[in-house]
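Here the structure is laid out as structure tokens; the discussion comes afterwards.
One-based numbering along the sequence shown. Everything quoted here is computed from the prediction, not taken from an experiment. What's counted below: heavy atoms across the whole structure, side chains too, no hydrogens, waters or symmetry copies.
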Amino acid sequence: MFRSLCSILMLIGMCCLTGCGASGGGGGGGVLNQLDSMPDADGDVFSEITPPEGVDFDFDESIALMITNTITRSQAEAAAGVQMPDVISSNISLAAKVAVNLTYADGITQKLPGSFPVGPFELQFEIACPEAIEVMVTVVATAPLVGSQAVASFGPYQFTQDGEGGSYTYTCGSTVSIVTFYDDETGEPKVTLEVE
């Protein structure tokens, strides 16, 4: 999974050594970057995301989503087998782009994007109970002149109420947790999925 990250980081490193200039940031953002400014009317630490038009939000039926990353930048680089001087590493931006896609009755959909620097973060939010949930996390490297390129991904992870197509099953009122972490024994990033 991380061999492509190694290749990209080496290419970016060569570009930085030849004087390509300053880094462009991890950039982006989205609804998931605004969770701190969203209401938590029921006081359960999960920000409530307004559903799309035509969908009602019921606190008793809502789905709580927790997306947690504990992988640090240095662990991501170690997983890729990359060791670079600080001057090169500082010119590379690594971002985790999170995409949560929700499907409701009557074909109503909602997209919840977010972009975060690679490093530990935790997202906790509530959504109106959908018929299906898809979660994807993509690691994107950005460097001067080279631009942005996806170098690794987790998912897409599919969750449905009926477990159709090999997806994970949930019921309205559940908590869905996705945790990415670095396995010290194998030296690889891993993910755990849980529905409670």
Can you give the donor-acceptor pairs under 3.5 Å from side chains of residues 163-170 to other protein atoms, not counting sequence neighbours?
{"unit_1": "S167", "atom_1": "OG", "unit_2": "T160", "atom_2": "OG1", "d": "2.6"}
{"unit_1": "S167", "atom_1": "OG", "unit_2": "E164", "atom_2": "O", "d": "2.9"}
{"unit_1": "Y170", "atom_1": "OH", "unit_2": "P130", "atom_2": "O", "d": "2.6"}
{"unit_1": "Y170", "atom_1": "OH", "unit_2": "E131", "atom_2": "O", "d": "3.3"}
{"unit_1": "Y170", "atom_1": "OH", "unit_2": "A132", "atom_2": "N", "d": "3.4"}

When rounded to the nearest 0.5 angstrom, what distance separates [atom1] in [X] from [atom2] in [Y]?
{"X": "I67", "Y": "Y157", "atom1": "CD1", "atom2": "OH", "value": "11.0 Å"}
{"X": "E194", "Y": "T192", "atom1": "CD", "atom2": "OG1", "value": "7.0 Å"}
{"X": "E188", "Y": "I71", "atom1": "CD", "atom2": "CD1", "value": "11.0 Å"}
{"X": "L94", "Y": "S148", "atom1": "CG", "atom2": "OG", "value": "10.5 Å"}

Looking only at heavy atoms, what is the nearest atom pair of [X] and [Y], with distance?
{"X": "C172", "Y": "E61", "value": "CB-OE1, 3.0 Å"}
{"X": "S47", "Y": "L35", "value": "OG-O, 2.9 Å"}
{"X": "F125", "Y": "V100", "value": "CZ-CG2, 4.2 Å"}
{"X": "E122", "Y": "M66", "value": "OE2-CE, 4.5 Å"}
{"X": "A41", "Y": "E48", "value": "N-OE1, 2.8 Å"}
{"X": "I63", "Y": "T171", "value": "CD1-O, 3.4 Å"}

- [ ] Show your reasoning for whether side chain to side chain donor-acceptor pair (under 3.5 Å) applies to T175 and E196.
- [x] CA-CA 5 Å; T175 299; E196 295 178 341; 5.2 Å; no

Open item on the list: Just by distance, no angles: are the side chains of S93 and T142 close enough, under 3.5 Å, to form a donor-acceptor pair?
Closed with: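 Side chains of S93 and T142: no pair found under 3.5 Å.
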
Task: Min side-chain heavy-atom separation L123-N69 under 4.5 Å - done: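 No, their side chains stay 4.5 Å or more apart.
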
TODO: Sequence neighbours left out, what pairs pass side chain to side chain donor-acceptor pair (under 3.5 Å) with at least one residue falling in residues 101-111?
DONE: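 For residues 101-111: N101-E134.
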
Open item on the list: Connecting only ILVMFWY residues whose side-chain heavy atoms lie within less than 4.5 Å of each other, what is the rest of F59's hydrophobic cluster?
Closed with: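 Via sub-4.5 Å side-chain contacts, F59 links to F57.
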
Open item on the list: Given 3.5 Å as the limit, does a donor-acceptor pair link the side chain of D58 with the main chain of S62, or not?
Closed with: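 Between the backbone of S62 and the side chain of D58 there is no qualifying donor-acceptor contact (under 3.5 Å).
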
Open item on the list: Starting from F121, can I reach L193 by hopping between I/L/V/M/F/W/Y residues whose side chains sit under 4.5 Å apart?
Closed with: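 L193 and F121: one cluster.
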
